[in-house]
Amino acid sequence: MSRAAHEKPRVSARDFAHDGIAFGCDYNPEQWDPAIWTEDVELMRTAGVDLVAINIFGWSQINPGLGVFDFSALDTVIELLHAGGIRINLGTATSSPPPWLTTLHPEILPVTDDGTTRFPGGRQAWCPSSPVFRRYALALVEQVAERYGAHPAVELWHVSNELGCHNALCYCAESATAFRRWLENRYGSIDELNRAWGTSFWSQRYSAWDEILPPLQTLSSRNPGQMLDFHRFSSDELLDYYRSEAAVIRRFSEVAITTNFMVTSHIRNLDYWSWAPEVDIVANDHYLDHRLEEPTAELAFAADFTRGLAGGAPWLLMETATSAVNWQPHNIAKTPGELTRNALAHVARGADGICFFQWRASAQGSEKFHSALVPHAGTDSAVWREVVELGGLIERLGEVAGSRVVAEAAVVFSWDAWWAGDGENRPSHSVAYLDQVHAAYNALHDLGITVDIVPPDADLSAYKLVVLPGLHLVTDADAAGIESYVAGGGHVLITFYSGIVDEDDRVRLGGYPGAFRDLLGIRVEEFAPLLPGQSIGLASGASARLWTERLQATSAEVLDSFADGPAAGIPAVTRNAHGSGSAWYVATMLEDGAYRNLLADVARSAGVARHPGGEDVDIVRRVGDTGSHLFVINHTADDLELQATGEEIVTGASVTGTLLVPGGSVRIVRESTTTQEGTA
Ligand code: GAL
C-alpha cells in the first residue's frame, strides 16, 4: 500500500450484529412490477431469508437526472422488508453511473491499455481516479446515508459492488496523474523510481514525473517494474475510493460497512491483504468456476482464503449462485443437493452468512439466464424447494455463528508475487501463480488437512507446516520472517520459482532462489522449463511436468531426482534441516498423486493432523465458546462413515461413536467430545 493510503485514518469500525447465521440475497425490485413486492417479502419469510441487499444498481432509479432524486420506490421496499422482519444490507448505488452522468461527463469513462475508451451500456463504466465521478458518487452516498443511516432495518452497508471487477485498471489521463502522485509518494525522487524500475534497460530513464505514463500497450513487452507498481497503485486507488464512501456513510450511520470482495479464480487486480483491515466484516462473492479442473476444491480454497483475509474471524458469503451462472462459456446447473453442499462448505470454513445473487431470476438484461432463489419456473421448482430447506437448516445452525476454524497448516499467498511472477516475459507461460497455489492447496485438501491462507508477513508461529507455492517475489523482511519461523522449529515446503526477485522485481543474484538459498540448502544455476504436454520421470517413479532446473544441493538432503528431461540426474526434491525446523523444496510440478504423497510426508514429519475422507469430502471443525461443530460434506455418491459423538443437526439424531454421511449429504455434529476423529 502506498504511504498516502496509510496516512489516511481508517473509518471507525462497527461490529456486524446479526442473530445467528445470515441467509440472504441481492434483491433488485426495480426490475419488477411493484405488485409483486409484497409477495416477494412473504416468500422471503417462507425461505427464511433474513438479510437482503438492495439498491446495489439503484443509481438511475433514485437519481434519474442531474439534481433529481426520487426515493419513493426505495422507501416502499425498505418499509416492506422492515415490516417483514428482514434486515437490510443497503447498497450505496454507486456501482454503475446512469447514462445522464456519462453523457454529461464522458471524461469519467474508463480507458483500457490500448488507449481506447470503454463506453456505457454495461456496468462499472467509470475511472477509479476520476474526481468528477467521485464527486457525483459521494453526493449520492450522502443522500442515501442521510436518509436511511438511522433506519432500524439497516444492518449493514454495501459500498458499491465488487469494486474493480471490470474497471480496476484504467489508463486515462486522470489515472496517469494519480499514478504519478502515487509514485512520488512511494519513491520521493525520480532517481529512486529509475532505480526501482531498472530504467537503464532499453533507454527508459525518466527525467521528470510528467514523462511517466500508465503501462499502456507498447510494441514490445513493457517495463515489469512499471507494471507491478501500476497494479499496486490501482489496488490502492480503489481502496481509497472505498474509504471515501465509507467516510460519508459513517457520518450518518452506526452500523457495519463493507463491500463484496471477489476471491475467485480469475480476479487478480486487488490486493485484499491491504483492503481487509478497512472493512468492518470481510464479505466475499464466490461462484463455482467450471473452467477449472476442480471447481469444488477451488470453493474450499476461496472460503479458506476469505477466512484468512478476515484474520480467522467469521465472514460473509455475500453472493453465490443457487445453480448456474450466465458468464462462463458453459454454465453448468447444480445437481440436486449441490447448492446445499456448496453453501455449507462456506459455513464450515467460517462464513456466518450465506447470501445469493439474486432473489428473482431477471426476465431481462444480460443476466437473465443466471440462477436465483426464485427461478423463472417459479416456486414449483427443485431449486426453490432446496432453497427453503437450506434456509431452515441455516436457521438451526445459529449456534455456530461466531465460532472459528482451527488450522495447523498454512499456505502463503501474495498479490505482489502473483503480479510479478505472471509478468509478460517469463521463463514459461505455462507456469502460472494461481495454478501453483491451487495445486498446493488441492493436495493439502485431498489429504484432509485444514489450511489457513496467510500473507507473507504473517506470524507463522502457530502453524506446524507452511507451504509457499511459487512465491516469486518476496521482500527481505518477509524472507527473514520465514527463515526465523523455520529456525524456531517450523516446517516449510517451498516450490519452484519462489524467492527469485525482491520487491522491485529485481533478481536476487548468486543463484536461485536467492531469498531462500541458505534456508533450503540448495543453489540453482539455471531454469530448464518443459514444453506443454511434456512429462518427465523422477527416480522415485513419480512423474512431473512444466518445470525442471539445474539445482545443486549445498547442505540439503536429496529426496528425489530427475530421471530424464533437461535436468536428468539433478535433484528434484530436497529437505534441509535448519535450526530446529526443516525446509523442503520441490523443483518441478509433480503430478497430483506424487504431489499429495510428498505433502503427506512433509505433513507427517511436521506432525500435522489429517481428517479421513479423501479428495471429495470436506471435514472441518469450527470451535467457539459454546463448543465445537464438526462439518462433514460428502461430495461423492458413496456413503461415508467416521468417528464422532454428539448431536447431529441436519437429521436431529444422536451420534454415539460412528457418524454415517450418505453420498451427496452434509452432516454437522455438535460434538460432546472432540476426539480427533479418524486421524490418519
Ligand atoms: C457478481 C455481481 C452480481 C452479479 C453476479 C452474477 O459479479 O456482483 O451483480 O453480476 O456476479 O454471477
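First listed ligand is number 1; within each ligand, the first listed atom is number 1.
Shown here are the side chain to side chain donor-acceptor pair (under 3.5 Å) partners of E237, two or more places apart in sequence or in another chain: S129. Residues passing the side-chain contact (heavy atoms from CB on, under 4.5 Å) test with E615, sequence neighbours excluded: D446, R596.
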Which pairs would a plain distance check flag for residues 30-39, meaning a side-chain donor or acceptor within less than 3.5 Å of a matching protein atom at least two apart in sequence or in another chain?
residue: Q31; atom: OE1; partner: S362; partner atom: OG; Å: 2.7
residue: D33; atom: OD1; partner: A35; partner atom: N; Å: 2.8
residue: W37; atom: NE1; partner: P29; partner atom: O; Å: 3.2

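Ion pairing between D352 and R622 holds under the 4.0 Å rule for side-chain N and carboxylate O.
A donor-acceptor pair shorter than 3.5 Å cannot be found between the side chains of Q217 and D114.
Residue F357 comes nearest to N28 through the heavy atom pair CE1-ND2, 4.1 Å, listed as atom of the first residue, atom of the second, then distance.
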Could you pull out every N or O of ligand 1 that sits under 3.5 Å from a protein N or O, with the distance for each pair?
residue: ligand 1; atom: 7 (O); partner: E162; partner atom: OE1; Å: 2.3
residue: ligand 1; atom: 7 (O); partner: E162; partner atom: OE2; Å: 3.0
residue: ligand 1; atom: 8 (O); partner: N161; partner atom: ND2; Å: 2.9
residue: ligand 1; atom: 8 (O); partner: E162; partner atom: OE1; Å: 3.2
residue: ligand 1; atom: 8 (O); partner: E162; partner atom: OE2; Å: 3.4
residue: ligand 1; atom: 8 (O); partner: E319; partner atom: OE1; Å: 3.1
residue: ligand 1; atom: 8 (O); partner: E319; partner atom: OE2; Å: 2.7
residue: ligand 1; atom: 9 (O); partner: R123; partner atom: NH1; Å: 3.1
residue: ligand 1; atom: 10 (O); partner: R123; partner atom: NH1; Å: 3.0
residue: ligand 1; atom: 10 (O); partner: R123; partner atom: NH2; Å: 3.3
residue: ligand 1; atom: 10 (O); partner: E367; partner atom: OE1; Å: 3.4
residue: ligand 1; atom: 10 (O); partner: E367; partner atom: OE2; Å: 2.3
residue: ligand 1; atom: 12 (O); partner: W327; partner atom: NE1; Å: 2.8
residue: ligand 1; atom: 12 (O); partner: H370; partner atom: NE2; Å: 2.6

